[in-house]
Amino acid sequence: DTAVSQTPKYLVTQMGNDKSIKCEQNLGHDTMYWYKQDSKKFLKIMFSYNNKELIINETVPNRFSPKSPDKAHLNLHINSLELGDSAVYFCASSPTGGTGELFFGEGSRLTVL
Amino acid sequence: GIQVEQSPPDLILQEGANSTLRCNFSDSVNNLQWFHQNPWGQLINLFYIPSGTKQNGRLSATTVATERYSLLYISSSQTTDSGVYFCAVERKGSARQLTFGSGTQLTVLP
């Protein structure tokens, strides 16, 4: 059973399109995240949600909009895709209390043509 | 924000060799984790280690929080150890937000 699962794993699309990546975790965690990994493998946080509420929103274009229908799901919607959006997007989750250890999904590789 | 520096950036080893990867950070931390990103891109948790020493098989890690560094030891390396090793820290007082170092690219040759 995958603890943090993302779909799709690969996404190839044209500039200007709108796309979504879905994330679900079955670990019972309260906090979920989206991280972006660029072509140089640098990982940077984009958003964090705690129990469906946004708690971290880094400097990310407003074309990116996270949506959390419940604490087990955090989806990422991207409007008007640009070439520079090509990257691997990782979903993650952690418990609010305790250690806060972070667990990642397998990543979604987005390629914008 | 907190700075996280990893060294060396690249490391090439022969199978069976030992290695030490280092992570320096610029502020007090609540959380420090080591991850391995395998050649297929998966990020795998190795250690949660804000302080002290832990061992898991051929891997061990030590964090000296007062001196703001952590070390990851890999003994008797295998080709399957290849990939990128990331250190990530959560600064004290910040919301649950891990800041990642730029990683160490490890290649183990057969």
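Predicted model only: the values in this text are computed from it and were never measured. Proteins get letters first, then strands, A, B, ... in listed order; numbering begins at 1 in each.
- For B:Gln55, the CD atom is densely surrounded, since the number of other residues' heavy atoms within 6.0 Å is greater than 12.
- Within residues 33-42 of chain B, the residues approaching chain A closer than 4.5 Å by heavy atoms are, in numerical order, B:Gln33, B:Phe35, B:Gln37, B:Gly41, B:Gln42.
- The side-chain heavy atoms of B:Leu71 and B:Val64, taken from C-beta on, include no pair separated by under 4.5 Å.
- In this structure A:Glu24 satisfies the salt bridge (Lys or Arg N to Asp or Glu O under 4.0 Å) test with no other residue, sequence neighbours excluded.
- Under the side chain to side chain donor-acceptor pair (under 3.5 Å) criterion, B:Thr53 pairs with B:Thr62, not counting sequence neighbours.
- Contact of A:Ile45 with chain B is made through the side chain alone, with heavy-atom distances under 4.5 Å.
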*Passes side chain to side chain contact (heavy atoms under 4.5 Å, CB included), B:Val84 versus B:Gln105? Steps please.*
CA-CA 4 Å; B:Val84 184; B:Gln105 173 76 58; 3.2 Å; yes
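- Within the hydrophobic cluster formed by Ile, Leu, Val, Met, Phe, Trp and Tyr side chains joined at under 4.5 Å, directly or through other members, A:Phe103 is accompanied by A:Val4, A:Leu27.
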